[in-house]
Amino acid sequence: MCRGIALVVGSRVRGIRFPKSRLCPLPMSPDERSFRRRVKGRVIVGVRRVAKRVVIQLDSEDAIVFEPRMTGRVLLAAPPEVKHVRAVIDFSEPAPGLLVFWSMRGLSTLHLFSPGQFAHVLGPDRIGPDALVVTEAELRAAFGKSRRAIKPALLDQKAVAGIGNIYASEILHRAKVHPEIPCDRITAGQWRRIHAQTHAVLHAAVAAQGSTLADGGYQTVEGRSGQYQEQIRVYGRTDETCQICGRGRIRRIVQAQRSTFFCPVCQRAVRRKTKQGGRMPFSDMHTDPFSSQPKGP
DNA sequence: CATATGTCCTGAGAGC
DNA sequence: TGCTCTCAGGACATAT
């Protein structure tokens, strides 16, 4: 998303407007009048992502911070529905254009932060290391002693920033770790896999320009759907046969009010005892004879 | 302090 | 067909 709007760097903000709507106002600060006064005439000197926020840095040191959450979008294209447009920046110099902040539900937020406010909300003491670059040691330091289940823990932005609900399930499935295992009972080998798959899943999702599910939620800056949903193995696939082992049926459970999807075969709750030469390791399970069972209607 | 739960919002889809 | 009900999820506030 940020890469898509990077081309506005160097542009001068001519103004920002907040279309009137019967829908709820977006949570935002400061008030519209102050917002307009502080951004008008400023030059955009940078666009970057911090955790799940889009940060548009102005030459005044103020920063426009947008949290899209589930249904928010930043668009350089025409918005899908005008009634959900929350704010529009028009910029000029060198190339004129519009930057549209769109949000179907009122869950997104829009703020203009001074450096002090920014640090208070997005400083390193408020959010953890970014998931795209977190090291295995940082991952273990953030979670290793926690008694929480690993899946809701992965969503804790103060521990590690950037993992959302879809990707938490996908990471654990690929890492072959059960979502309900308490962090303090996760082995070194499991941490190594969780770390590797955190990077693999998130980098692949970025490369595929995100996930656009059946609800049509996320779209790129140009208004196109993402492609990562084609690589999703467990999220939303309740009762489907696992693509990896060909045997387990994907289960949906609820943890911390959020859906979790996993394969009970690939992601066993307890590591099996290896008595008498050991059982089949996970990586061999796709050789199971049940792998050709038909998928339910 | 560490976890857990409640809240915000709208549209899609199910069920009747 | 048209209504009501449920569900989806990030971050934060509040509760345990």
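Being a predicted model, the structure only gives us computed values, none of them experimental.
- Here the P atom of nucleotide dA11(C) and the CD1 atom of Ile127(A) are 9 Å apart, to the nearest Å.
- Rounded to an integer number of Å, the gap from Trp102(A) CH2 to dC9(B) C1' is 12 Å.
- To the nearest angstrom, P of dC12(C) lies 14 Å from CG of Leu26(A).
- Here CG of Asp239(A) is found 13.0 Å from CZ of Arg237(A). Values are rounded to the nearest 0.5 Å.
- An OP1 or OP2 oxygen of dG11(B) is reached within less than 4.0 angstrom by a side-chain nitrogen or oxygen of His84(A).
- Between Phe261(A) atom CZ and dC7(C) atom P there is a gap of 13 Å when expressed in whole angstrom units.
- Separating the CE atom of Met28(A) from the C1' atom of dC9(B) is a distance of 18 Å, rounded to the nearest angstrom.
- Arg14(A) pairs by the salt bridge (charged side-chain N to carboxylate O under 4.0 Å, His left out) definition with Asp90(A), not counting sequence neighbours.
- The hydrophobic cluster containing Val43(A), built from Ile/Leu/Val/Met/Phe/Trp/Tyr side-chain heavy atoms closer than 4.5 Å, also comprises Val45(A).
- Taking atom CD1 of residue Ile166(A) and atom C1' of nucleotide dC7(C), one finds them 15 Å apart after rounding to whole Å.
- For Thr71(A) and dA8(C), the shortest distance from a side-chain N or O to OP1 or OP2 is not below 4.0 Å.
- Here the P atom of nucleotide dC7(C) and the CE atom of Met70(A) are 16 Å apart, to the nearest Å.
- For Gln257(A), the side-chain atoms get nearest to dT5(B) when compared with the rest of dA8(C), dG10(C), dT5(B).
- One donor-acceptor pair, N or O on each side, does fall under 3.5 Å between the base of dG10(C) and the side chain of Arg258(A).
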Mind listing the side-chain donor-acceptor pairs of residues 5-12 of chain A below 3.5 Å, one per line with the distance, residues two or more places apart or on another chain?
from: Ser11(A); atom 1: OG; to: Val8(A); atom 2: O; distance (Å): 3.0
from: Arg12(A); atom 1: NE; to: Glu93(A); atom 2: OE1; distance (Å): 3.3
from: Arg12(A); atom 1: NH1; to: Gly41(A); atom 2: O; distance (Å): 2.8

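- Checking dA11(C), dC12(C), dA8(C) against every side-chain atom of Lys52(A), the shortest atom distance belongs to dA11(C).
- For the pair Leu110(A) CG and dC9(B) P, the interatomic distance rounds to 17 Å; values are reported in whole Å.
- Across all strands, Ser108(A) comes closer than 4.0 Å to no nucleic acid atom at all (heavy-atom distances).
- Comparing Gly106(A) and Ala256(A), the nucleotide of DNA chain B nearest to each residue sits closer to the 5' end for Ala256(A).
- Distances shown here put every side-chain N or O of Arg69(A) at or beyond 4.0 Å from the OP1 or OP2 atom of dT7(B).
- When distances run from any side-chain atom of Met104(A) to the nucleotides dG11(B), dA11(C), dA8(C), the shortest one goes to dG11(B).
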Distance-only criterion, 3.5 Å: show the donor-acceptor pairs between side-chain atoms of residues 138-145 of chain A and protein atoms not counting sequence neighbours.
from: Glu138(A); atom 1: OE1; to: Thr135(A); atom 2: N; distance (Å): 2.9
from: Glu138(A); atom 1: OE1; to: Thr135(A); atom 2: OG1; distance (Å): 3.4

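- Applying a 4.0 Å cut-off to non-hydrogen atoms, the residues of residues 144-164 of chain A that approach DNA chain C are Gln157(A), Gly164(A), listed by residue number.
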Would you give me the side-chain donor-acceptor pairs under 3.5 Å for residues 197-205 of chain A, sequence neighbours excluded?
from: Thr198(A); atom 1: OG1; to: Ile194(A); atom 2: O; distance (Å): 2.7
from: His199(A); atom 1: NE2; to: Val134(A); atom 2: O; distance (Å): 2.8
from: His203(A); atom 1: NE2; to: Leu132(A); atom 2: O; distance (Å): 3.3

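- Nearest heavy-atom pair, Arg147(A) versus Asp184(A), reported as atom, atom and distance to 0.1 Å: CG-OD2, 3.2 Å.
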